[in-house]
Colleague: 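What follows is a structure written as structure tokens; I'll ask about it next.
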Amino acid sequence: MLTLTIDLERWRSHQDRIAQETPGLVPVAKGNGYGFGLPRLAAEAQRLGVPVMAVGTAAEVAQVRPHFSGSVVVLQPWSPQFDYEIDEETIVTVARVSDLAELPDGTRTLVEVMTSMKRFGISRDEFGQVSQHLGHLRFEGWTIHLPMDSGLAEGENLARLARSAVEAPVWFSHLDRHVYDNLAAEFDVRLRSGTELWLGEPAALQVEAQVLDVHPVKRGEKIGYWQRPVPNKGHVLMLSGGTANGIGMAAPTAAHGMGQRARALAGGGLEAVGAALSPYSIAGTKRWFCEPPHMQASMVFLPAKVDPPEIGSWVPVAVRNTTATFDQVIEA
Ligand SMILES: *Cc1c(COP(=O)(O)O)cnc(C)c1O
């Protein structure tokens, strides 16, 4: 089992601090729910007492609804080609002026502004046209999705330009905190946050895999689907977690260049034969995959000088929570 253990008290006090520091916080829950799952994040948003949360796609709305009683923003822009059911508690994002006319009467609508991301949004020379198309809608505000560490001016400039076209709240993603604080003193702002809110306190989160089996191997013994010889004597560890869990292969990093490869080969390291470093740590060191991860288990080589872990014990794994699928999430 690949397990995520949450130190609930620590995780929640981090969330509470962010919420306190961020008036207008809009928690974002999308995709794999940052590893926690959408229902759990929706319940946390409910606990935070915020009036609005955001999801990525329309299909995700149904997953948060049972756990969150406020309004839900769909971040991916609406279009007649990508129509979905819209109700009183749904806020739709629109990124083309022509789509505004197509929305059903009374739709709660955010208009997305194009930024240097070049992702979605109307360009600044179209801001003036927006007001003519809002008559049948409930305009909730402008929305501005900035790149990471955008220049200080971009978000502020766009917000001012948009507000001079139609005065309305401005919703941001990835805005510098000082700029946000300054703008918050001036007008109604919202800040969408996912990564910082849910993953900003890594010490509250622990990912571990279970040792499923341990096999002693001799130098040169062939193992695995690909019958590759192990470079040295040691142990093959069968560890829980594989491709289905988002366990990926890091590109070989340790052994660049001939000199390093030669040294690694002399040392009997798997890196010398082009293997990849695994995200599993044993005795404080990341170990090498014997071969690419399998669907739900991985084969990892442990050199003879390290005592193998006990079957059933847990070892730390470094995964990206946004691409991981955990077999279980437990609270500690
Ligand atoms: C995903 C997303 C966010 C949240 O991003 P994080 O980096 O996880 O905080 C904010 N705004 C938009 C439009 C998004 O799609």
Side-chain angles (χ1 to χ4, degrees), residues 4 11 14-38 40-42 44-45 48 50-61 63-64 68 70-79 82 84 90-96 99 108-123 140-150 154-156 158-159 162 168-181 183-184 189-202 204-205 246 319-324:
L4 169 65
W11 190 47
H14 167 76
Q15 289 174 33
D16 292 342
R17 186 175 59 74
I18 300 271
Q20 215 163 29
E21 286 173 4
T22 317
L25 174 71
V26 178
V28 175
K30 64 184 181 187
N32 73 340
Y34 293 81
F36 304 96
L38 299 178
R40 183 183 290 270
L41 296 188
E44 294 299 319
L48 288 169
V50 293
V52 187
M53 67 177 294
V55 295
T57 64
E60 292 168 344
V61 176
Q63 290 192 61
V64 302
F68 183 73
S71 303
V72 180
V73 182
V74 179
L75 295 170
Q76 214 164 74
W78 180 92
S79 250
F82 320 120
Y84 53 83
T90 307
I91 302 177
V92 167
T93 305
V94 168
R96 278 184 292 260
D99 289 339
R108 297 174 67 189
T109 308
L110 284 170
V111 174
E112 180 148 3
V113 163
M114 181 58 85
T115 68
S116 53
M117 290 268 287
K118 281 285 183 292
R119 215 172 105 93
F120 298 113
I122 66 161
S123 59
E140 298 275 347
W142 299 96
T143 164
I144 300 180
H145 188 185
L146 295 161
M148 301 295 169
D149 304 317
S150 61
E154 182 179 4
E156 180 166 356
L158 282 171
V170 184
W171 302 49
F172 291 100
S173 307
H174 306 134
L175 186 67
D176 175 87
R177 171 150 303 271
H178 297 292
V179 178
Y180 183 77
D181 290 343
L183 294 182
V189 284
R190 307 265 187 286
L191 190 64
R192 289 173 296 215
S193 177
T195 304
E196 189 194 3
L197 179 63
W198 309 123
L199 300 175
E201 178 76 353
L205 309 171
V319 295
R320 277 175 74 155
N321 280 56
T322 49
T323 55

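Counting starts at 1 for both ligands and their atoms, in listed order.
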Colleague: Looking at E21, is its backbone amide N or carbonyl O close enough to the side chain of R177 to form a donor-acceptor pair, meaning the two atoms are under 3.5 Å apart?
Modeller: yes
Colleague: Tell me, please, which residues at least two apart from F36 pass ring pair (Phe, Tyr, Trp, His ring centres under 6.0 Å).
Modeller: W11
Colleague: Identify, chain by chain and in numerical order, each protein residue with a heavy atom under 4.0 Å from an atom of ligand 1.
Modeller: V28, K30, Y34, L75, R119, H145, M148, S173, H174, R192, S193, G194, T195
Colleague: Listed by chain and number, what are the salt bridge (charged side-chain N to carboxylate O under 4.0 Å, His left out) partners of E196, not counting sequence neighbours?
Modeller: none
Colleague: Walk me through it: do E60 and K30 pass the test salt bridge (Lys or Arg N to Asp or Glu O under 4.0 Å)?
Modeller: CA-CA 7 Å; E60 292 168 344; K30 64 184 181 187; over 6 Å; no
Colleague: Name all residues meeting the salt bridge (charged side-chain N to carboxylate O under 4.0 Å, His left out) criterion together with D176; count only those two or more places apart in sequence or in a different chain, and write none if there are none.
Modeller: none
Colleague: Whether the T143 and R190 side chains hold a donor-acceptor pair (N or O, under 3.5 Å, no angle test) is what I'd like checked.
Modeller: no
